[in-house]
Amino acid sequence: MPLALIALAVGAFGIGTTEFVIMGLLPEIAADYGVTIPTAGLLVTGYALGVVIGAPVLTVLGNKVSRKRMLMVLMGLFVLGNVVSALAPSFGVMLAGRVVASLAHGSFFGIGSVVAAGLVAPDKKAGAIATMFTGLTIANIVGVPLGTFIGQAVGWRTTFAVVAALGVVGLLGIARLVPAMPRPEGARLRGELTAFRNPQVLLAMAMTVLGFGGVFAAITYIAPMMTEVTGYSEGAVTWLLVLFGVGMFLGNLLGGRYADRALMPLLYATLGGLAVVLALFPVLAHDKILAAVAILLVGALGFATVPPLQKRVLDQAHGAPTLASAVNIGAFNLGNALAAWLGGLVIAAGFGYTSPNWVGAVLAAAALGLAFWSAALERRTPAAPTADTGAADAAVRTPVLH
């Protein structure tokens with residue numbers, strides 16, 4: 001595998017770390033700025049909405065310049081946003097920094113996948129894409145817990161400064177190691193937009209929003225829930241995030257292994273299981289061992305939905321997978337934003353730190369209902385086969401995320 005893939009993986013590691021590390025640092029940030037935990041949760045919502053906006057817009061704009069240059073611009077945005085977050089004198093400036101960093105998220109993964117696949121022989125494309133996305137997986141096992149530990153021990157601003165430094169390393173690596181690639185030709189916005197006329201594409205994206213939103217309803221407020229309700233120390237949150245990251249890793253393996261074999265049954269099982277675990281979480285949260293098991297299961301069941309949902313979009317977006325894939329990454333983050341906002345509302349209403357889990361259970365159950373509806377529509381109107389099935393299948397084996 002070319003060294004250029006390592007540069008892309010470093011960028012993915014930094015992006016994954018900055019997205020998820022905020023959950024473990026919400027209490028510290030809220031205390032520093034003198035805001036409530038639900039208000040601090042807007043840092044999750046703002047980031048997610050930035051991905052929703054940035055993924056399609058910057059992906060389209062990226063067609064006008066070379067892919068290497070666009071990747072460098074995206075990493076520059078990422079570094080700038082994290083520097084602003086690290087130095088922010090007020091909560092509003094901090095939120096603005098999070099949004100700036102988030103604009104690079106979706107396009108980096110979309111364009112980076114194309115670049116990674118173009119660096120190797122045709123029979124090694126899936127492995128190349130997987131290598132880049134390994135950075136995202138490792139971020140949730142190593143980067144997020146380590147960033148949480150640094151933030152709690154030294155200060156949360158240091159965490160964002162370190163993440164910005166990772167972005168600089170990724171930027172320099174891309175500049176030096178990624179070969180120059182020509183500007184993509186023949187990409188037309190009108191052609192890409194036709195995919196969204198297919199109701200199955202819209203249903204798949206709605207499942208993405210609701211299904212992954214269920215995960216974020218629980219995880220956004222994991223730090224106050226584990227410390228205030230379960231009785232864990234602040235330092236233990238780091239290890240609980242490691243556990244969540246392990247669950248993500250296992251879920252991606254499960255989803256990638258079975259999405260090609262039985263896509264819809266896999267969605268039924270994972271979304272249904274996620275709804276059940278989240279519904280039980282308010283009870284399980286009062287026991288340390290059961291709470292830890294629930295965190296592992298939320299990570300595993302939630303991320304097991306990623307490959308089948310991504311494949312569902314790619315299968316249904318005939319002839320326009322690039323923009324549809326980028327928008328679906330935005331859809332994951334729209335679910336994150338919706339869940340973080342709703343979770344903050346129920347906490348602010350006085351229902352306690354476990355109440356966002358009920359929100360997550362409802363969202364996951366709604367996604368399950370859409371999955372049954374989508375399957376029923378498909379039985380009445382079978383989808384036409386496409387020439388892109390092989391490419392879609394290869395892409396799905398990679399944990400494509402927000």
Side-chain angles (χ1 to χ4, degrees), residues 9-10 12-29 41 43-44 47 130 133-156 158-160 162-163 166 212 214-256 270 273-274 277-278 281 284-306 332 336 339-340 353-354 356-357 360 399 401-402:
V10 170
F13 179 87
I15 291 174
T17 299
T18 205
E19 179 184 17
F20 286 98
V21 76
I22 195 74
M23 272 75 86
L25 299 176
L26 279 185
E28 288 76 14
I29 295 173
L43 297 173
V44 178
Y47 186 96
F133 277 96
T134 296
L136 179 64
T137 304
I138 295 176
N140 287 281
I141 298 177
V142 178
V144 172
L146 183 60
T148 302
F149 173 77
I150 291 172
Q152 292 175 344
V154 184
W156 61 265
T158 304
T159 297
F160 287 98
V162 171
V163 172
L166 281 172
F212 206 70
V215 175
F216 254 66
I219 297 304
T220 296
Y221 302 99
I222 186 175
M225 180 171 62
M226 291 297 101
T227 55
E228 299 295 328
V229 177
T230 311
Y232 279 108
S233 66
E234 288 187 355
V237 174
T238 298
W239 302 108
L240 292 171
L241 289 174
V242 171
L243 194 61
F244 177 68
V246 171
M248 290 169 54
F249 177 77
L250 296 175
N252 271 319
L253 288 180
L254 172 68
T270 53
L274 181 62
V277 171
L278 289 172
F281 207 165
L284 303 178
H286 293 277
D287 181 271
K288 289 184 176 181
I289 294 177
L290 294 178
V293 172
I295 289 172
L296 177 69
L297 289 176
V298 168
L301 291 168
F303 277 76
T305 67
V306 174
F332 279 108
N336 300 351
Y353 288 125
T354 63
N357 296 296
L401 187 59
H402 38 323

Q: Quick check for you: to the nearest 0.5 Å, what is the distance between Phe303 atom CZ and Thr270 atom OG1?
A: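 Phe303 CZ to Thr270 OG1: 13.0 Å, rounded to 0.5 Å.
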Q: Under 3.5 Å, sequence neighbours excluded: what are the donor-acceptor pairs made by side chains of residues 229-236?
A:
residue: Thr230; atom: OG1; partner: Ala285; partner atom: O; Å: 2.6
residue: Tyr232; atom: OH; partner: Lys288; partner atom: O; Å: 2.7
residue: Ser233; atom: OG; partner: Ala236; partner atom: N; Å: 3.3

Q: What side-chain donor-acceptor pairs closer than 3.5 Å can you find for residues 290-299, not counting sequence neighbours?
A:
none

Q: Side chains of residues 215-227: which donor-acceptor partners sit under 3.5 Å, not counting sequence neighbours?
A:
residue: Thr220; atom: OG1; partner: Phe216; partner atom: O; Å: 2.7
residue: Tyr221; atom: OH; partner: Ala340; partner atom: O; Å: 2.7
residue: Tyr221; atom: OH; partner: Gly344; partner atom: N; Å: 3.2
residue: Thr227; atom: OG1; partner: Ala223; partner atom: O; Å: 2.8
residue: Thr227; atom: OG1; partner: Pro224; partner atom: O; Å: 3.4

Q: How about Thr148 and Phe20: do any of their side-chain heavy atoms sit closer than 4.5 Å?
A: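 Counting from C-beta outward, Thr148 and Phe20 never come under 4.5 Å.
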Q: Do Leu250 and Val246 make a side-chain contact, defined as non-hydrogen atoms from C-beta onward lying under 4.5 Å apart?
A: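 Yes - at least one pair of side-chain heavy atoms lies under 4.5 Å apart.
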Q: Could you report the tightest heavy-atom contact between Ile22 and Leu43, atom names first, then the distance?
A: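 Looking at all heavy atoms of both residues, the closest pair is CD1-CD1, 3.9 Å.
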Q: Out of curiosity, Ile138 CD1 to Thr17 OG1, how far, rounded to the nearest 0.5 Å?
A: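 Output value for this atom pair is 10.0 Å.
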Q: Considering non-hydrogen atoms only, spot the tightest contact between Gly147 and Val21 and give its length.
A: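 Gly147 and Val21 have their closest heavy atoms at C-CG2, 3.7 Å.
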Q: So how far is it from Glu28 CD to Trp156 CH2, rounded to the nearest 0.5 Å?
A: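 Taking CD in Glu28 and CH2 in Trp156, the distance rounds to 10.5 Å.
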Q: Quick one: does Thr159's side chain have a donor or acceptor within less than 3.5 Å of a partner on Gly151's backbone?
A: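 Here the side-chain-to-backbone pair exists.
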Q: Does any N or O in the side chain of Thr18 come within less than 3.5 Å of the main-chain N or O of Gly14, such that one atom is a donor and the other an acceptor?
A: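 It does not hold such a pair.
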Q: Rounded at 0.5 Å granularity, tell me how far CD1 in Ile29 sits from CZ in Phe160.
A: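 It is 5.0 Å, given to the nearest 0.5 Å.
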